[in-house]
Protein chains: 2
Amino acid sequence: MATTLLARINERLHQFSKTEKKISAYILNHAELIPNMTTKELANKADVSEASVIRFAKTIGIGSFKTFKISLAQELAVKEGYITDFSILQKKDSPYEMFQKVVHVNKNAIELIMESLDKKELDDAVTYLKNARKIIFYGVGGSSIAAMDALYKFTKLGYQVEFNLDFHYMLSKVPHFNSEDVFVAISMSGRTKDVLDLARLSQKKGAKVIAITNINKSPLYKEADIRLATPNVEQDFRIGSITSRMTQLTIIDSLYISIFNSIGENVLDEYQEARDHVVKLRR
Amino acid sequence: MATTLLARINERLHQFSKTEKKISAYILNHAELIPNMTTKELANKADVSEASVIRFAKTIGIGSFKTFKISLAQELAVKEGYITDFSILQKKDSPYEMFQKVVHVNKNAIELIMESLDKKELDDAVTYLKNARKIIFYGVGGSSIAAMDALYKFTKLGYQVEFNLDFHYMLSKVPHFNSEDVFVAISMSGRTKDVLDLARLSQKKGAKVIAITNINKSPLYKEADIRLATPNVEQDFRIGSITSRMTQLTIIDSLYISIFNSIGENVLDEYQEARDHVVKLRR
DNA sequence: ACTTGAAATGAAATTTAATTTCATAAAATT
DNA sequence: AATTTTATGAAATTAAATTTCATTTCAAGT
């Protein structure tokens with residue numbers, strides 16, 4: 001039985017020269033990157049010459065580096081869930097390598113929501129939002145992006161929805177809440193003071209508080225009426241906020257699509273009208 | 001929905017020119033051969049020019065013929081009936097089912113950027129942004145979310161960066177541009193009038209225009225100095241904007257991470273200080 | 001029917017990427 | 001210690017991809 005390319009490289013490691021070992025190590029640790037690399041790039045990364053890369057491909061039985069890349073690409077396509085820890089950024093990564101890692105990390109984060117989000121909590125959230133008189137979204141920093149996106153989408157759906165970064169302005173809004181209203185608190189940590197204050201004030205007024213927050217025992221997580229849990233994605237501190245925003249946005253998307261699906265016929269005319277205006281702004 | 005490469009070619013056959021049809025026919029009938037062919041070989045077999053082969057790869061959304069071959073090789077390796085039309089939302093879908101579809105669609109969209117984004121364009125974009133005196137991000141509607149996110153991230157990196165939804169306000173800002181500045185235009189369609197106007201004005205002032213726009217022949221795509229191409233993701237009109245926003249945000253993330261990686265040591269103190277303040281806002 | 005502009009197209013030029021060649025250093029053998 | 005073989009990287013060459021430019025074709029307007 002023919003083993004895979006990577007397996008073949010692995011089992012012949014002890015036979016390799018020092019230079020071949022350097023190339024092998026890089027390939028085994030960065031397999032996904034190889035199909036889009038040039039000989040020069042791989043040579044630089046492995047700290048060998050381009051000629052050595054060409055020789056290596058021949059040594060392991062592939063006629064050319066070009067073919068080596070094609071074969072490896074095919075093998076990786078088949079191999080499910082090939083997980084390498086991309087989160088540790090290396091100083092000498094090129095922009096394209098970092099881009100590939102970002103793609104990987106973002107895909108993984110979105111996938112992980114499947115593990116953290118509770119079906120019933122989502123159903124309940126959709127039900128409350130659908131029937132809400134007024135909706136307020138609130139998040140700060142990176143989470144404000146998701147709040148902004150929600151504002152945009154729920155406005156399109158015809159809801160009385162609001163989001164404003166000005167905490168004091170929000171302090172004037174929330175007291176007018178009642179039991180028909182919904183406050184959506186967005187906070188990765190679940191410990192952001194302004195978000196917590198507004199959530200608690202909303203509850204005092206009888207509104208439902210939906211939290212989009214990481215699945216852990218934060219104050220917001222504990223106190224919210226409905227918890228739409230985002231996964232705890234342990235990342236390098238430099239990119240941690242990227243993945244949480246992706247997961248928050250995916251949840252916002254899901255709420256939007258669910259409600260659209262439920263009430264869509266009622267707003268199709270207005271919805272189409274808005275789209276027509278958008279098209280008019282194009283060339 | 002992200003269909004397979006071959007499915008995509010097949011369903012667009014009627015839109016193709018005579019030459020494109022010749023190339024398509026050969027590819028569809030000899031798919032397994034393509035990954036190991038050169039542009040010259042395919043051109044000869046399809047009775048077209050090599051330039052037409054290159055163009056064809058771009059027309060169907062792949063940035064280069066090289067990448068086209070890799071993608072096709074991977075697709076042929078998997079060869080599962082991977083095609084499900086997730087975009088047709090069914091009325092009786094539960095919120096959780098819709099959530100699963102959103103997760104799938106978003107992951108696919110992010111994956112597809114690997115096919116559309118050009119490595120060199122990304123390198124150039126990082127270089128210009130890194131050395132920019134002033135950066136303006138601009139997008140409207142759904143694309144404003146990405147602009148907002150970019151504003152937040154590049155502010156953290158210590159850049160003089162700006163984004164404002166007020167087009168007239170922007171009209172007052174852009175005339176102060178010079179050749180050391182960068183204008184980042186974010187528009188899925190590449191035809192949004194306000195975005196185009198500001199991009200052209202920026203170029204007149206000698207600034208570099210980086211476009212984050214779909215890989216197609218839009219005015220913005222043609223006129224930009226650097227094109228960070230997002231994939232053409234054919235979606236149900238109700239959710240089309242979701243995927244483009246995800247792809248735009250992933251590109252913003254990649255730019256941010258690349259620049260952080262490059263200049264990070266210079267801003268680590270300020271960066272940590274900002275984080276400390278964020279932590280202080282938590283309980 | 002004619003004109004004009006846009007789009008399509010292929011040939012040729014240019015650039016990029018892969019491979020080979022050549023010289024040198026290191027390792028192995030005698 | 002000397003010689004031969006192997007490994008290796010820099011540079012040159014070749015192959016492949018992409019871009020540029022000129023021409024042809026097509027579509028729209030008059």
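Residue numbers begin at 1 in each chain, while the letters A, B, ... track the order of the sequences.
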Output one line per pair: protein atom, nucleotide atom from nucleotides 25-29 of chain D, and distance, for all N/O pairs under 3.5 Å.
none

Contact list for residues 177-186 of chain B, test side-chain hydrogen bond (donor to acceptor under 3.5 Å, both in side chains), sequence neighbours left out: R133(B)-D181(B)
For nucleotides 22-24 of chain D, which of its nitrogen or oxygen atoms have a protein nitrogen or oxygen under 3.5 Å away, and what is each distance?
none

Are there any protein N/O atoms within less than 3.5 Å of an N/O atom in nucleotides 15-18 of chain C, and if so, which ones and at what distance?
unit_1  : atom_1 : unit_2 : atom_2 : d
dA18(C) : OP1    : K69(A) : NZ     : 2.8
dA18(C) : OP2    : T39(A) : N      : 2.4
dA18(C) : OP2    : T39(A) : OG1    : 3.1

Nucleotide dA16(D), atom C1' - distance to CG of L42(B) in whole Å: 13 Å
Sugar-phosphate, base or nothing in reach of K58(A), heavy atoms under 4.0 Å: sugar-phosphate
Phosphate OP1/OP2 of dT9(C) contacted by T19(B) side-chain N/O (<4.0 Å): yes
Length of the CZ-C1' vector between F56(A) and dT19(C), whole Å: 17 Å
5'-most by nearest nucleotide on DNA chain C - R55(A) or E20(B): E20(B)
Contacts of S71(B) that satisfy side-chain hydrogen bond (donor to acceptor under 3.5 Å, both in side chains) - sequence neighbours left out: none
Residue list, side chain to side chain contact (heavy atoms under 4.5 Å, CB included) with E50(A), at least two apart or on another chain: T39(A), K40(A), A43(A)
Criterion salt bridge (charged side-chain N to carboxylate O under 4.0 Å, His left out) on E75(A) and R8(A), from CA distance to verdict: CA-CA 12 Å; E75(A) 178 174 315; R8(A) 252 192 275 166; over 6 Å; no
By side chain to side chain contact (heavy atoms under 4.5 Å, CB included) - contacts of K58(A) (at least two apart): I54(A)
Non-neighbouring partners of L201(B) that pass side chain to side chain contact (heavy atoms under 4.5 Å, CB included), sequence neighbours left out: L171(B), V174(B), P175(B)
Partners meeting side chain to side chain contact (heavy atoms under 4.5 Å, CB included) with S144(B) (sequence neighbours left out): F163(B), L165(B)
Distance below 4.0 Å between S17(B) side-chain N/O and dT9(C) OP1 or OP2: yes
Distance below 4.0 Å between S52(A) side-chain N/O and dT8(D) OP1 or OP2: no
E20(B): partners by salt bridge (Lys or Arg N to Asp or Glu O under 4.0 Å), with sequence neighbours left out: none
Separation of dT19(C) P from I62(A) CD1 (nearest whole Å): 12 Å
Under 3.5 Å donor-acceptor, S262(B) side chain and S258(B) backbone: no
Protein-nucleotide distance (N44(B), atom CG; dG10(C), atom C1'), rounded to Å: 13 Å
Partners passing ring-ring contact (aromatic ring centres under 6.0 Å, His included) against F16(B) (at least two apart in sequence or in another chain): F56(B)
Residue pairs, two or more places apart or on separate chains, that pass ring pair (Phe, Tyr, Trp, His ring centres under 6.0 Å) and touch residues 174-206 of chain B: none
